[in-house]
Amino acid sequence: MTRFRIGDRGRPPEHWGSALGFVLAASGSAVGLGNLWGFAYRASQGGGAAFVLLYLLIVLLVCLPVLVAEMVLGRSTGHAPLLAPVTAGGRRWAPLGWLYMAAATGILSYYAVLMGWTGRTLLHALADGLPGDMAAAQTFFASISSGGDAVLGHLLSLALTGVVVAAGIRGGIERLSRWGMPLLFLMLLGLLLWASTLPETAAGYRTFLLRWDAAKLLDPATIRNAFTQAFFSIGTGIGAILAYAAYLERRSPIPREAASVVAMDTAVGLMAGCVTFPVVASFGLGDVVSGSTVGTLFIALPTGLASLGLSGRLVAVVFFALAYIAAITSAVSLLEVPTSSLMDRLGWSRRRTTWLLVLLIAVLGLPSALDVGVLERMDAVFGGVVLISGGLGLALLLGWGAPARFLQDLRQSGSSDALVRPLLWALRWLSPPAITVGLVVSVLDLARSWSG
Ligand code: PFF
């Protein structure tokens, strides 16, 4: 008897075509606008090397064990995010399932708007070229970031995401990841080589990534940025990887797969920073970036590249194309959370569930498409606080509520105790206190920035 549970009624349940397909799809979920837009946006808010260090520590010590727990929860229950916590820990864990549904739906509602901006900037670079100066770039950004253009971009991006998810795990999500991820990596590598030839490359790295100020390690804004960036970028704590892991074979080595996802995601984040910051430094755009808004990347990058003529335009096209690919492989994982959950809970067909949810999220995203301020707040609440709370729930569920499940699943798939025990230890003793501190600091810092 097959152990896979989620699928269209009357058809065999779904699963990944291969282990590589799963790793690519999970990496596709992790690597997204968070790496390209979020990393530049948050790294530029003054934390410098302290931000980068905190971010790396959180990724390694906190997010990695939580990601393993998330994969175990999906695979061992075979259920989608709504039902998996109840299956593993009993009825009192039901709110965690709902938290995943709310977080994924909330994030996708504004993530699709950001995708729309990305697509629109790409089309503009292709068809009309780049804005000639800063004022033109700001006017262009203002015209695409809210209102009719933003709504259209949001709707089209959601529709595209819906097409992939409706096509299923193998035929849609795995197929997209198989060509999208290698292509993205290649494009980024090309851009990295190009950026290393810019005049102010070293200055860019020094100003934004390497400037060391130990006091920043205790700065609440830096701590909030590092936590948010780590959790958002890996994309753990929201059920997306859980949803993917429910379609996973019993035998695959989860810790290794989680490490690959984390390595890929961190590499792309750092590589993207190494492309964007030299551009910013080389073209004297530091002020735009330090006045940091969500528009940083969309204003600073095209402006800097414009002065390079045709080659700059080509670089812009490659950058925004790869950003769009990164975004759609993440968006499909967000949509898979409520889609697989409703299929699992109500027995609905994949197609019907997907399109109903697309409709709902299209409406929920309208306020973000009409007002950048709303989008920023949605990101702060859902991408920051709610996502990190989901990570805390996961660590508590598998570290304390159902540790036997964690041990058993990993041992059965061939992981040695020398690996599994330290992971469980981190999940019990490291992740919950660290996430709690991050959460409290984030909420306080957010409240302060909103009241100030
Ligand atoms: N990790 C994605 C990014 O960096 O853009 C965003 C994301 C995807 C967050 C999936 C959460 C998630 F479940």
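Both ligands and their constituent atoms are indexed starting at 1 by order of listing. The first residue of the sequence shown is numbered 1, and numbering continues consecutively from there. Just so it is clear, the model here is predicted, and its values are computed rather than measured.
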Item to complete: Please identify each residue that fulfils side-chain contact (heavy atoms from CB on, under 4.5 Å) with Thr276, with sequence neighbours left out.
Response: Ala40, Leu297, Leu301, Phe319
Fill in: Phe39/Tyr55 aromatic ring centres below 6.0 Å
yes
Worksheet item: Exactly which residues line ligand 1, taking a heavy atom under 4.0 Å from it as the test?
Response: Ser29, Ala30, Gly32, Leu33, Gly34, Asn35, Tyr111, Phe232, Ser233, Gly235, Ile238, Ala240, Ser330, Ser333, Leu334
Worksheet item: Any luck finding a side-chain donor-acceptor pair between Thr87 and Arg405 under 3.5 Å?
Response: no
Worksheet item: With a 4.5 Å limit on heavy-atom distance, are the side chains of Ile144 and His124 in contact?
Response: no
Worksheet item: Relative to each other, are the rings of Trp117 and Phe298 parallel, tilted or perpendicular (30° and 60° limits)?
Response: perpendicular
Discussion item. Distance alone, cut at 3.5 Å: any donor-acceptor contact between the side chains of Tyr324 and Ser157?
Written reply: yes
